[in-house]
Each structure stands twice: as structure tokens, then as C-alpha cells.
J.: 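Sharing a structure here in C-alpha cells format.
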Amino acid sequence: MRKKWMLGIVLGILIIILVYTVFSMIDFYNDPINTDIGSTDSARKLPIPALLVPSNSDANSSDYYLNVQEGTTNFFNDKSTPTLGYNGSYLGPVLKVARGQEVRMHVTNELQEDTSIHWHGLEVEGTKDGGPHQVISAGATWDPVFTINQPASTLWFHPHVIGSTATQVYYGLAGLIIVEDENSMSLNLPDEYGVNDMPLIIQDRSFSQDGSFVYVDNMMDGATGDYILVNGAITPYLEVNQTKMRFRIVNGANARNFDLRLSDYDEFTQIASDGGLLEKPIVSDSLFISPGERVEIIIDFSKYDEGEKIKLMSDNELVMTFHVGEKTVDDTVIPEVLSVIERLDEDQATNVKTIDLDGMGHMVTLNGRTFDMDRIDDNVTLGDIEIWEITTFRSMMMGSEGHPFHIHGTQFQVLDRNGFEPFENEKGWKDTIFVRSGETVRIIVRFKYKGLFMYHCHILEHEEAGMMGQLEVE
Ligand code: C2O
Ligand code: CU
Ligand code: CU
């Protein structure tokens with residue numbers, strides 16, 4: 001009996017090793033990592049996405065138009081890459097809105113296939129959320145209307161249609177939303193878009209010899225790439241004055257975590273997490289950000305000299321370079337208090353739920369099952385506060401590093417991480433939280449809007465493989 005059992009394990013291990021070897025060989029043949037496929041000029045300037053101008057706007061209400069389209073983009077000087085974009089060939093414009101403003105979106109799908117547009121982090125009703133239930137078929141237009149009703153924050157948008165979320169994002173569909181409110185506007189933070197307030201959408205991509213993207217949804221943990229892109233340019237540079245600069249950073253990668261730092265481990269200040277400004281600024285020298293998460297940081301370049309080149313790295317890989325220019329007047333300040341955050345009260349929670357994230361590669365489950373569009377996994381009463389206990393299983397073999405867990409239509413707070421206080425920068429509003437293998441993270445969440453909402457792992461290949469559930473708020 002015992003012997004059979006042992007034999008089973010040995011066989012199992014052998015099969016896993018075999019499958020893994022075969023897959024890594026496939027990977028190897030597709031892998032452009034050691035090929036020089038063209039010059040990137042490494043003198044490419046950081047592209048700054050345009051602000052989306054409303055077509056007609058009074059003080060409280062505006063119409064915005066987005067076209068989902070195909071195009072080509074020159075990531076390399078002599079090669080063009082077929083890509084997707086919103087109102088352009090890659091990525092999209094920035095939607096800058098204010099709390100209280102009514103937004104009338106008009107999204108036209110000019111692709112040959114279905115898409116949807118999900119406002120990640122936005123607190124709106126389920127029918128406006130843009131998840132898999134709001135498919136925009138080829139040629140169709142979707143016109144959701146919603147009112148911004150949440151704190152100043154950096155949110156983003158991307159497709160969310162079953163079966164092609166991961167590839168459509170990889171090919172370029174993503175954009176940023178900036179929300180301002182009375183508090184953020186009363187502070188003297190850097191907030192001049194494109195001047196001292198910059199979006200940094202960080203992604204990784206692989207290319208083939210002809211310049212086209214290589215999407216390898218590998219066995220391990222989703223589609224990763226050999227090149228780091230910021231706002232759609234490979235490891236670009238940005239000229240900065242010797243002033244404070246605010247960066248709204250989005251991890252827009254399908255699957256990859258970034259561990260950001262400056263070249264010399266110089267300090268910077270984090271001022272916001274996914275859902276808004278933190279209560280207090282946090283000074284640090286490194287910052288971990290998993291897919292779907294956003295952070296806002298301020299780098300004070302006044303401590304550098306003209307001509308210095310400061311690198312933003314992820315571990316030991318270059319992300320981008322800052323070229324320090326001259327000293328200019330800077331009247332921006334980082335205040336001691338950034339915002340006041342009302343703590344959700346554990347005693348008021350009406351429900352405790354467990355979310356088990358398990359597996360890796362394509363073999364992933366959420367609470368032991370995979371996504372089914374026809375199954376509602378949870379019911380929630382409107383306005384209720386719940387505690388969700390998210391755990392990830394630590395597998396004995398080559399386990400996943402962890403899972404960025406995300407809930408639609410709401411912002412939550414982290415109660416604890418493995419029974420301990422959450423990290424300092426997890427104490428603000430969050431909509432995506434990284435749960436490492438073997439960890440348990442407890443969050444507290446209030447559902448303020450009616451409708452059907454997704455929750456899932458934001459490794460897009462895990463999401464596609466079924467690591468997603470849906471809840472209905474009534
Ligand atoms: Cu970025 Cu289901 O979301
Ligand atoms: Cu979302
Ligand atoms: Cu995952």
C-alpha cells in the first residue's frame with residue numbers, strides 16, 4: 001500500500017518535470033531574449049498620454065469618446081508592431097475627472113472582435129462596471145453614464161471580456177483615470193498633468209524578429225516579456241527639473257510584479273495607494289507593485305545636480321531614466337496629513353468569507369472551482385460590510401509567487417496580513433492586494449453599489465484560466 005503511494009508520488013514528480021521541460025523548450029524557441037531585434041535608440045522620450053478632452057461639458061457633466069482601435073506602433077526604430085489602443089495605436093488617453101462630476105462615456109469598438117471596457121477601481125453600479133457582462137461587440141458603441149463619487153485617486157481602464165482580456169491588454173488596451181476631489185485640490189501637491197504630475201504605466205512585452213509582439217502564455221505564471229515598457233516606450237527617459245515630481249504608477253503588466261527602486265536606493269515618498277491618498281506620506285527606498293495595483297509617489301529631484309541621470313529600476317532591471325535639468329521654482333509641498341480615512345469597523349461586518357486562491361499556470365482555482373458566467377458565487381446585501389479572508393496555498397513544488405487579488409466596484413481596507421499589521425502603505429484604500437503563496441490576508445469591504453461584480457486574480461492569465469468569481473449586490 002505504502003509502496004504504491006510512493007511510486008505514485010515519484011511518477012507524479014517525473015511527469016511534472018517532463019511537462020515542465022517540454023514547455024520550457026517551447027518557450028526557448030519562442031524566446032527572443034538573446035536576439036538583438038532592433039535599436040530602441042535608448043534615447044526614446046517617455047510618451048505622455050494625452051488628456052481626454054470632453055466633447056461637451058458644463059460644470060457638472062461631460063461627454064467623453066473612446067474608440068477601441070487597431071494600429072501599429074514603433075517600439076523599435078525600424079520595425080512596426082501591430083497593436084491595439086484607445087483613440088490611438090497603443091494604450092489610451094487619460095480621463096481626468098472630479099468627484100461629483102457626471103461622466104457620459106461613449107465607447108465604440110472598431111475591432112473585429114468583442115471587447116469591453118472596465119473601470120478598474122471605480123465605484124459604480126454593476127451595469128456600468130464594464131466587466132464580462134457588458135460586452136461591446138464589433139462595431140457597437142456602449143454609453144454608460146455614471147457620477148464620480150469617491151476620493152481622489154489613480155484608477156485605470158482595460159478590457160474584460162471572457163477569453164480575450166489578457167491578449168487585448170497585452171496588445172495595448174489600457175488607460176488611466178485620474179480622480180480629483182476637494183481635498184486633493186486643496187493640497188499643494190504637484191498636480192499639473194504632464195508637467196509635474198506624470199502617469200507611468202509599466203508593462204513588459206516580448207517581440208519577435210519582425211517586431212510583432214510575442215504573447216507567450218507560459219506554463220509558469222502568465223505572460224511575461226523581455227522588455228520593460230513605460231507608457232508604451234521601451235525603457236525611456238524623462239527630463240525633469242530640480243523639483244518635486246509626482247508619478248502615478250500603474251502595474252499594467254499581465255503577470256509580472258515590479259520591485260521598484262531608484263538606482264542608488266535614494267528615498268522617495270509614497271502618497272497614495274490604489275483607491276486614494278494615504279493618511280500620511282511614507283518615505284521609502286523600494287516599492288513592490290503587483291499587476292493591477294497603483295501607487296502615487298513623489299521624487300524630489302532638487303537634491304540632484306543638473307546633468308545627473310537617475311535610474312528607476314525593478315530589482316536589477318532598468319525601467320526608465322530621469323535626466324535632471326535645471327533648478328526651477330517649486331512651491332509644491334508634501335503635507336504631513338494627506339487625507340482622513342474612515343476606518344471600516346470589524347464589529348459591523350455581517351459576514352466573513354473565505355477566498356482560497358490555489359494553483360499556478362493554467363491550473364488555478366478560486367475556492368476550489370473555476371469561473372462560470374452562469375453561476376453567482378456570492379450574494380451581498382447593499383451597504384453591507386464584510387470581512388474577506390484571502391488565502392493562498394503554498395504548493396510543495398514550483399508554486400506561484402502569489403496572486404494579486406482584486407474586487408470590482410469597491411475599495412477595501414486591509415485588516416491584517418498573516419495576523420500582523422499590514423504594511424504601512426497598505427493602510428489606505430485598496431482594490432487589489434498581493435497575497436503571497438502561503439499567506440492569509442484579511443480585508444474589510446463595504447458594497448455600496450448594486451449589481452454583478454467580478455473578483456479575481458489580476459494575473460490576467462490566471463483570470464482567464466478561471467481564477468475569478470462573481471458576486472451580486474442587491
Ligand atoms: Cu483590472 Cu477585473 O480588473
Ligand atoms: Cu477591476
Ligand atoms: Cu493568480
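No experiment lies behind these values; they were computed from the predicted model shown. Nothing fancy with the numbering, it's 1 onward along the sequence. Remember, it's 1-based here, ligands and their atoms both numbered in the order they're listed.
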J.: Decide whether H160 and H456 meet the rule of one side-chain donor and one side-chain acceptor closer than 3.5 Å.
T.: yes
J.: Looking at the Cu ion (ligand 3), which N/O/S atom of H462 is the nearest one?
T.: ND1
J.: With atom 1 (Cu) of ligand 1 as the point of reference, which N/O/S atom of H158 is the closest?
T.: NE2
J.: Is the Y449-F146 ring centre distance short of 6.0 angstrom?
T.: no
J.: Which N, O or S atoms belonging to the protein are less than 2.8 Å from atom 2 (Cu) of ligand 1?
T.: H160 NE2, H408 NE2, H456 NE2
J.: Is there an N/O/S atom in H403 at a distance below 2.8 Å from the Cu ion (ligand 3)?
T.: yes
J.: Less than 4.5 Å apart, any side-chain heavy atom of T392 and any of D358?
T.: no
J.: A side-chain contact here means heavy atoms from C-beta on lying under 4.5 Å apart; do E401 and R436 qualify?
T.: yes
J.: Considering the options T115, N67, I117, D143, which one meets the side chain to side chain contact (heavy atoms under 4.5 Å, CB included) requirement together with V107?
T.: I117
J.: Are any of the side-chain heavy atoms of L338 and P281 separated by less than 4.5 Å?
T.: yes
J.: According to salt bridge (charged side-chain N to carboxylate O under 4.0 Å, His left out), does anything in residues 111-123 pair up with another residue at least two apart or in another chain? List the pairs.
T.: E123-K448
